[in-house]
Amino acid sequence: MGCTFAAQKHTAKPSHTPSHPPHTRRQHYSFDINVAGLAPISKAQLVQDLGWVAVPGSNICGGYYEEPLLNPLHQVVIPLQQSRTVINSGGVTYTKKGTSYLNNGVVITQAGRKLTSDSAYLYRDPQTQQTTAIELVGNVHIREQGKLLIGSRAHIVLHKHAGTIHNVVYRMAAKTSIQHIIHKHGFVHVAFTDLNAWGRALEVKQLKKGLYHFLHATYSTCTPDNTVWQVYTHKLILNQATGYGQAYGAVLYIKGVPLAYLPYISFPINHKRKTGFLAPQFGHDNRSGYYFGLPFYWNIAPNYDDTITPLYFSRRGGQISNLFRFLLPHSRGKIYASFLPDDREFRAFRDDAMLSQFLTPNVPLNSTVEEFNRLKRDSTNRAFISAHDTTIFNKYLSAGINYNYASDDYYFEDFGHYKGIPIDQLHRESYFHFNSQYVHVSGLFQTYQTLHPVDQPLLASPYGKEPQIQFSANSPITDGFEFGVTGQFDDFVHNRTPGESKVVIGHRYDVRPAISYPFKDKNFFITPRAQVDLAEYKLGQDKTFLQNNSGFVGDPSRAVPMIDVLTGMTFSRNVDIFHHDYVQTLEPEVYYLYVPFRSQRNMPLFDTTQPALTVADMLSDNRFSGLDRVGDANQVTFALTTRLLDAHNHQQRFQAQVAQIYYFENRRVELCDTVNCKQSLSSLPQNTSSSPIVGSLSYELDPSWSIHGNLSWQLGHSTPFAQGVMFHYEPDPEHIFNIGYSFSQFQVPETVGGVDVSRANQYLGNEPRVGTLSFLWPAPFIQNLSFVGFANYDFNSKRLLSNFAGLQYNSCCWSFRVVFSRTFNFMNAINNNNVYNQTIYFQVVLKGLGQVYTSDPASLLTTNINGYQDNTLIEMPRFV
């Protein structure tokens, strides 16, 4: 019969050291890595001991670890010091004082912990006679949530997280959260799907909660039935409080073969951050030669950290970069900076270009003298700075900073891009937003650093705004009328494009009051509105320059009245498609717009263009973007939208739109930046009686695939003005396929804002036609191996703009990626050959131990393969 003991909490220590019972050996097995003093163990027995259940194809690991549920779900586990201990055994030799002996199977349960063994010795405090420690003998199992220790003998302090166990097989999970419940044989089991580490040890000591010392131990995160790598170490420390492990005198084994000796390594065992060196970076680049770097991560505080990376390039010299991140109660951000003094390779490039400007094969013949002069003035000290901050003060007020700086026009050609920043236009801005129920105010300081390398098409520098102030206010008046007003002030500045003459700068004021009378019921709405656009310019140059170069006289202004009416209806019905219930809507809309003609050729063009037509643009009161032009109009737009909404959750699964404008008068306002302008820079003709028919389609009925497309077609023309279609197929995260095509027909001008852009047009073509293909697809016959690829092809120039191809292997405990990438740089003007930048990305990760890589391809893949998720690597240190 069984006996039950109830042991209460005690703080007194025993006055004697208990004698150890005879050692009970475990059965003999065979094992890959022999641990001194431990009997070998078979793979089958190891799988059984660790609770591994193989389910091929179920997940990336091909199975899960099974263990009993020690506490009911959502039950709060009380501290061990306050818990009640229950001891059961099949036989007992009980004494009121001294040591008691239990046999025939011993089970000890506490809050969140369960201990079992063949037999046990109970030791009491000689003063209180309360049980304080226990010696477990034979088939010892110690279980906590996410932890398992199996050994031959153990000494446990009952009400403390302390003890020693010998001849151990262990398993510990990175996280102890319950992922899902599995019912088996009438019992509830828990599968932990987070990173699990396991191994064997001659001895394991638990010094306190979460702190374990291992003597002569192995360590791996692979599954026990397929162990790719293991580490053998004389001393292993796992500290769950810090989130890191330490190994001394370690040997790394790959498939049982010793690969490297590591006197000391520190590695993450969960997602907590720790100061220390990260994985080294090394490789070769066709511009910089061989390089090597060793990043150092500094965990300054829970809400601050810093990563310092020294790099050495064989052709350039030494570079130092730094990434500082911060997280405050109301703001978050990061500051990145890099510096490379006296770049030898850049000095040679600059000197060669100066000696043979138009004879150097790497320099197009049509580069401007001004671009060469910029190169001549460039310093060989290379630097880049990027700073970002977002601050939310309260629900009304927010602010932010986005600043980027490169020391020269060639920085991104030599060192690539940083975190998605484009290589030709560096954005700099600071802003604030104030929002309330009826009032919105925002401010913006915005400039650009435009890069002008001699081996790239000339890119015109855009205008900056120092500052821009916007406001809007709206309020109901009475009897259903609504009043609103918007306004904007801009102070335009400009950084001169190489070869560019002096350009117009100045202030622009724009105010637009409006009054409307919206009427709505369940299925019908109509909104008549009247507005007046009032604008005035204060130009910064002297009047003689303005008149001689642009034909402007004085400070131009305009007052343009505007009247529009938007009306629409909504019809709906229930439909059954492929045995699924949907709600289909039919939403016709009619929009009338009248704006009288006001000549605006005496007004400069600071930030205004005419975008390609979309259905939303057709329902807008101005065919131009920006505020430099208000298009004249006497037109009506007919639009029709139909949607399919899931009847159960009302999510949109399908949408189709079509719209067309009918013009009652020709359009006369054009995008001209001088009063003598005769050539329209507009993308659409001004004298047609109707606009192109514009349509769009979004299809997502099947969760595995979707289609998004648009088309702009002018009746009577053989080719469309614009079209684009993107097909996305993703039945699961391991199967992704994207293919798309886009085409735009428009007239490319020779000059923009007085800047000659004819050289850029030679590279772009007059009618861009671009095809895109990307995929992630498993390799046949090889589990966990996938192909990745991307191609962006320009059909006009008949060349790849960018492409990459590679392999990705991702298993439970290790992964690797190798990707070869090419990006179009320029066309050699001597022999008309395409010149590409080439990069090889290589990365190997032993999950839970570390990674080695030349360049991290994660950003490349996630940016260019729609739907790709990077689940191959352990995350970099992050804020908790």
Side-chain angles (χ1 to χ4, degrees), residues 5 7 18 20-21 23-26 35 38 41 45-52 65-71 77-81 83-89 102-103 105-123 131-174 176 189-190 192 196-219 224 236-241 269:
F5 298 87
H20 295 288
H23 172 66
T24 302
R25 291 180 57 87
R26 293 173 58 90
V35 179
L38 288 180
I41 185 172
Q45 186 63 44
L46 185 66
V47 167
Q48 179 180 337
D49 286 349
L50 294 176
W52 175 250
Y65 288 100
E66 183 185 57
E67 57 186 89
L69 184 62
L70 300 179
N71 292 90
V77 178
I78 63 176
L80 190 63
Q81 294 86 346
S83 67
R84 185 172 182 266
T85 301
V86 178
I87 305 174
N88 291 277
S89 71
L102 309 176
N103 59 8
V106 180
V107 179
I108 303 173
T109 57
Q110 295 176 293
R113 184 164 74 173
K114 183 176 182 180
L115 303 90
T116 63
S117 66
D118 293 337
S119 60
Y121 293 83
L122 271 63
Y123 301 104
T131 303
T132 58
I134 188 167
E135 194 82 12
L136 303 174
V137 181
N139 291 317
V140 177
H141 285 65
I142 302 175
R143 287 189 179 275
E144 295 181 16
Q145 188 171 311
K147 303 180 183 69
L148 171 63
L149 296 163
I150 303 174
S152 62
R153 188 178 77 252
H155 178 79
I156 304 297
V157 181
L158 281 180
H159 295 285
K160 293 183 180 180
H161 291 280
T164 303
I165 184 169
H166 302 272
N167 307 320
V168 183
V169 173
Y170 72 90
R171 176 176 62 83
M172 295 186 180
T176 58
H189 293 70
V190 182
F192 290 86
N196 282 266
W198 63 270
R200 302 189 69 200
L202 189 64
E203 179 183 276
V204 178
K205 290 185 178 181
Q206 183 176 12
L207 304 182
K208 61 181 180 180
K209 186 176 182 179
L211 179 59
Y212 299 87
H213 283 205
F214 298 75
L215 179 65
H216 294 290
T218 64
Y219 179 89
L236 174 67
I237 300 175
L238 300 181
N239 191 334
Q240 294 177 327
I269 60 175

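Since the structure is predicted, the reported quantities are computational estimates derived from the model, not experimental observations.
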Checklist entry - Would you say the ring centroid of Y170 lies under 6.0 angstrom from that of F214? => result yes

Item to check | Stepwise side chain to side chain contact (heavy atoms under 4.5 Å, CB included) test for I156 and R113 | outcome: CA-CA 12 Å; I156 304 297; R113 184 164 74 173; 4.1 Å; yes

Item to check | Between CZ on residue R153 and OG on residue S119, distance to nearest 0.5 Å | outcome: 11.5 Å

Next on the checklist: With side chain to side chain contact (heavy atoms under 4.5 Å, CB included) as the criterion, how do L202 and L38 come out once you've worked through the C-alpha distance, each side chain's angles and the decisive distance to 0.1 Å?
Outcome noted: CA-CA 6 Å; L202 189 64; L38 288 180; 4.1 Å; yes

Next on the checklist: A side-chain contact here means heavy atoms from C-beta on lying under 4.5 Å apart; do V86 and V107 qualify?
Outcome noted: no

Item to check | Full working for side chain to side chain contact (heavy atoms under 4.5 Å, CB included) between K208 and H161 | outcome: CA-CA 5 Å; K208 61 181 180 180; H161 291 280; 5.6 Å; no

Checklist entry - How many angstroms lie between atom CD1 of I108 and atom CD1 of I134, to the nearest 0.5 angstrom? => result 3.0 Å

Item to check | Donor-acceptor contact present, side-chain T218 to main-chain R200, <3.5 Å | outcome: yes

Next on the checklist: Please find the pair of heavy atoms, one from A133 and one from H155, that lie closest to each other, and give the distance.
Outcome noted: CB-CE1, 3.8 Å

Item to check | Side-chain touch V106/S89, heavy atoms, less than 4.5 angstrom | outcome: yes

Item to check | Approximate separation, where rounding is to 0.5 Å, of I150 CD1 and R171 CZ | outcome: 9.0 Å

Item to check | CG on L50 to CD on Q45, rounded to 0.5 Å | outcome: 10.0 Å

Checklist entry - Between atom CG of L211 and atom CD of Q206, what is the distance when rounded to the nearest 0.5 Å? => result 8.0 Å

Item to check | Worked verdict on L102 versus N88 for side chain to side chain contact (heavy atoms under 4.5 Å, CB included) | outcome: CA-CA 9 Å; L102 309 176; N88 291 277; over 6 Å; no

Checklist outcome for this item: Output for pair (K114 NZ, L148 CG), nearest 0.5 Å, gives 12.0 Å

